[in-house]
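So the structure is just underneath, and the comments pick up after that.
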Amino acid sequence: MAKMMKNWLTDIVNDSLVKIGIEDAASRIRVEVPPNRDFGDFSTNAAMVCAKSAKTAPRKLAEKLTEELEKNQAVEKTEIAGPGFINIFLKSEFYTQKLLEILNAEKGADYFKYNIGKNEKVQIEFVSANPTGPLTVGHGRQAIIGDILSSVYKRFGYQITREYYFNDAGKQMKKLSRSLWVRYNELFGIENEIPEGGYHGDYIIDLAKDFREEVGEKYKNIWNEQADADCLAKAKDEMFDHIKNTLKTLGIVFDVYFSEGSLFTDGTVDKVKAYFTDNDLVYESDGALWLKVSQFIDEKDKVLIRSDGMPTYFFTDIANHYKKRERGFRKVFDIWGADHHGHIPRMKAAMKALGIEDDFFNVILHQMVSLKKGGEIVKMSTRAGTFTTLDELVEMVGKDATRYFYAMVDKDAQLIFDIDLAKSQSMENPVYYVQYAHARICSLIENAERKGIAFKRGENLEKLGSRADNLMIRDLLLYVDSLYEMISTNSPHKLTNYIHDIAAMFHQYYNSNVFVNPEDAQTSNARLNLAIGVRTVIADALSLIGVDAPQKMEQI
RNA sequence: GCGCCUAUAGCUCAAUCGGAUAGAGCAUUGGAUUUCUAAUCCAAAGGCUGGGGGUUCGAUUCCCUCUGGGCGCACCA
């Protein structure tokens with residue numbers, strides 16, 4: 001199992017601090033990568049942070065600290081800079097030893113594991129679109145965020161369930177079946193109105209044609225319960241197949257598709273209602289049942305059951321989360337678009353009302369996605385049928401670019417997807433930059449074999465040791481750190497940033513170092529080992545992002 | 001009116017719980033043994049980090065305020 005480099009070094013720095021008589025600094029000191037590679041391999045702010053309590057000038061304290069630090073076996077030398085930064089250089093032997101660990105790992109994934117989750121059951125719920133139409137580019141964003149986070153949480157030892165929550169009963173589904181029926185009848189020249197809030201999209205027309213093939217004229221001008229049920233079944237099944245297929249093209253498979261309806265049939269909804277009633281958390285007013293959320297947060301009370309007897313979305317979602325807790329999850333993450341953020345406080349209030357632990361319910365919010373076409377931002381609406389679907393997007397730019405592009409933008413920033421750009425210029429997409437680094441290394445190995453240099457894993461590493469070698473390995477060692485940083489902020493873009501940097505480092509290294517030199521087989525082999533270390537990290541990162549790591553790049 | 005997110009190079013975005021000279025890609029300009037695959041590399045140019053205050057050794061980051069953009073404020077989901 002890999003160590004997190006920064007933590008490991010922070011411990012070393014802290015040990016040194018303790019030895020010079022400074023305790024309790026562990027939580028405040030940090031080890032970072034300096035902004036300029038010439039400064040050092042790592043740097044720490046320890047002397048600056050501790051100066052006040054030690055009643056010593058930062059640089060003076062730094063002198064004492066570096067003396068202690070240099071006693072460590074891994075440390076080559078230290079330097080004091082600026083207001084009191086301590087820059088640390090580690091020994092080449094340390095780096096080659098670490099490279100060996102990466103190389104000797106039978107599978108990269110095992111070496112890069114870091115078990116902090118302790119097999120805790122965690123659920124990540126995302127997409128969760130009702131089967132009323134194709135997925136939009138907005139759904140795509142949470143599909144990718146959810147999928148990548150799931151993979152990385154798994155890597156950190158959590159038992160992850162990828163869950164899709166859907167409602168295939170309610171009011172919207174009724175409108176869906178009626179919309180289909182209207183379109184079906186149009187095929188016979190019979191005009192009816194698509195219901196208010198119904199579905200106008202072209203995909204309904206396609207469905208209608210299919211439906212006519214299947215049932216002929218059976219429901220021509222006939223609307224009854226049977227027609228409703230058949231239209232609903234047709235629309236729902238087709239839409240769900242379609243959605244699942246879209247997700248599959250993006251490489252996403254859910255562990256559980258959870259039906260909202262089951263919360264009613266298995267008694268969960270009744271149970272939650274009884275709990276609220278018993279604990280005096282609800283009251284009736286205007287014929288509706290209200291939850292006293294105002295007891296918990298600064299908001300007005302909310303309706304659980306409408307005056308017509310139908311439960312609200314709020315209520316079923318409370319039941320959904322109650323059920324999640326009952327199903328044994330210790331923690332859940334819901335990935336929601338920013339348009340749902342108003343829902344968060346009241347859900348938290350409901351969790352409190354139910355006596356569920358504060359850290360159980362978590363929302364990962366992402367900002368909205370819009371499309372740019374012909375230089376203009378396109379507004380999208382599922383119900384009006386004016387949107388670009390996720391399929392269309394994947395079709396245009398491909399799975400890898402779609403995933404990478406969604407992942408690389410901070411979830412808190414709005415994502416504007418420029419369709420024309422994605423279509424016209426593949427060079428625009430940084431995914432190729434990373435993939436190319438991987439392919440380049442593959443071809444290096446091939447080339448070495450052609451020139452009679454048989455690759456020997458883990459040998460000749462003593463030939464490494466240049467500054468460039470050390471820094472390349474240092475960056476590889478920061479991989480697990482970057483994964484950890486990613487899940488501690490739930491931000492997939494940290495990973496794409498990291499791996500882009502690795503690719504850049506490698507491309508630079510490649511241009512100034514010869515890998516395959518028949519006249520110096522030993523150095524060649526050492527560098528090939530380094531290259532394979534890089535490839536291992538890139539391949540692993542790309543697999544977490546869900547992007548292919550090609551052996552060869554097609555030339556443009 | 002209230003709440004959440006956001007504002008960084010011409011464009012799309014980074015910047016490690018407050019750190020050193022704010023970095024990449026694309027676009028522009030000039031270069032790289034006709035290659036270990038040039039989807040690469042090197043260099044130049046491009047910034048009062050939306051405006052103004054504050055906190056401290058130090059602010060793109062934290063606080064206040066103003067302005068612009070997105071999204072919410074239902075007996076919709």
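Throughout, a chain's letter reflects where its sequence line sits, starting with A, and its residues are numbered from 1.
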At under 4.0 Å between heavy atoms, what does [X] touch on the DNA or RNA strands: base, sugar-phosphate, or nothing?
X	answer
F314(A)	nothing
N87(A)	base
M48(A)	base
D286(A)	base
I305(A)	nothing
D298(A)	nothing
S27(A)	base
P34(A)	base

In whole angstrom, give me the gap between the [atom1] atoms of [N] and [M].
N	M	atom1	value
A22(B)	A27(B)	P	25 Å
U60(B)	A39(B)	C1'	32 Å
A7(B)	C42(B)	P	29 Å
C62(B)	U6(B)	P	9 Å
G23(B)	G47(B)	C1'	12 Å
U12(B)	G50(B)	P	15 Å
U67(B)	C48(B)	P	23 Å
G19(B)	G58(B)	P	14 Å

Identified pairing partner of [N], criterion: Watson-Crick or G-U wobble below 3.5 Å:
N	answer
G1(B)	C73(B)
A7(B)	U67(B)
A27(B)	none
G19(B)	C57(B)
U40(B)	A32(B)

Looking at the side chain of [X], which of [options] is the nearest nucleotide?
X	options	result
N511(A)	U40(B), C75(B), U16(B)	U40(B)
A81(A)	A20(B), G25(B), C75(B)	A20(B)
A288(A)	C75(B), C42(B), A20(B)	C75(B)
P83(A)	A77(B), G70(B), G19(B)	G19(B)
W290(A)	C36(B), C75(B), A39(B)	C75(B)
N167(A)	A77(B), G19(B), U12(B)	A77(B)
L444(A)	A14(B), C71(B), C36(B)	C36(B)
K451(A)	C41(B), C36(B), C71(B)	C36(B)
H493(A)	A39(B), A14(B), U40(B)	A14(B)

On RNA chain B, check which nucleotide each of T44(A) and L365(A) is closest to and give me the residue with the more 5' one.
-> L365(A)
Between R28(A) and D301(A), who's closer to the 5' end of RNA chain B by nearest nucleotide?
->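 Nearer the 5' end of the strand: R28(A).
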Quick one: is C42(B) close enough that its OP1 or OP2 comes under 4.0 Å of any side-chain N or O from Q508(A)?
-> yes
Do any side-chain nitrogens or oxygens of H343(A) fall under 4.0 Å of OP1 or OP2 in C73(B)?
->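 For H343(A), the contact criterion (side-chain N or O under 4.0 Å from OP1 or OP2 of C73(B)) is not met.
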Do [X] and [N] share a donor-acceptor pair, side chain to base, under 3.5 Å?
X	N	value
K494(A)	U16(B)	no
S307(A)	C75(B)	yes
S43(A)	A20(B)	yes
H341(A)	G3(B)	yes

With under 30° as parallel and over 60° as perpendicular, where do the rings of H340(A) and Y313(A) fit, or are they tilted in between?
->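 Rings of H340(A) and Y313(A): perpendicular, as their planes differ by over 60°.
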Hey, can you tell me if F112(A) and Y479(A) have their rings parallel, tilted or perpendicular (30° and 60° cut-offs)?
-> perpendicular
Over all atoms of both residues, closest heavy-atom pair of I502(A) and I538(A) = CG2-CG1, 3.9 Å
Partner of Y164(A) under ring-ring contact (aromatic ring centres under 6.0 Å, His included), chosen from F258(A), F240(A), F126(A) =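 With Y164(A) as partner, F258(A), F240(A), F126(A) yield a single ring-ring contact (aromatic ring centres under 6.0 Å, His included), made by F240(A).
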F333(A) and F361(A): ring-ring contact (aromatic ring centres under 6.0 Å, His included), yes or no, with the steps?
-> CA-CA 7 Å; F333(A) 291 102; F361(A) 169 73; over 10 Å; no
What about the rings of F515(A) and F506(A), do their centers lie closer together than 6.0 Å?
->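 Under 6.0 Å, so yes.
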Aromatic ring proximity W336(A)/H341(A), centre distance under 6.0 Å |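 Ring centres of H341(A) and W336(A) not closer than 6.0 Å.
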Rounded to the Å, how far apart are [X] [atom1] and [N] [atom2]?
X	N	atom1	atom2	value
H340(A)	G3(B)	NE2	C1'	17 Å
Q367(A)	C13(B)	CD	P	12 Å
L415(A)	C11(B)	CG	P	17 Å
Q414(A)	A7(B)	CD	P	10 Å
Q142(A)	C5(B)	CD	C1'	16 Å
N45(A)	C57(B)	CG	P	15 Å
Y313(A)	C73(B)	OH	P	12 Å
I416(A)	C71(B)	CD1	P	11 Å

Is the NZ or CZ atom of K352(A) positioned over F296(A)'s six-membered ring, under 6.0 angstrom from the centre and within 45° of the axis?
-> no
Stepwise, does the side chain to side chain contact (heavy atoms under 4.5 Å, CB included) test hold for Y484(A) with I116(A)?
-> CA-CA 10 Å; Y484(A) 180 72; I116(A) 55 174; 3.4 Å; yes
Aromatic ring of Y433(A) stacked on base six-ring of A39(B), 5.5 Å, 30° =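 No, Y433(A) does not stack on the base of A39(B), since the centre distance and plane angle fail the 5.5 Å and 30° test.
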Does the aromatic ring of Y510(A) sit over the six-membered base ring of U40(B), closer than 5.5 Å centre to centre and tilted less than 30°?
->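 A stacking contact does not exist, since Y510(A) is not both close and nearly parallel to the base ring of U40(B).
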Does a side chain donor of either N167(A) or N130(A) reach within less than 3.5 Å of an acceptor in the other side chain?
->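 N167(A) vs N130(A): no donor-acceptor pair found between side chains.
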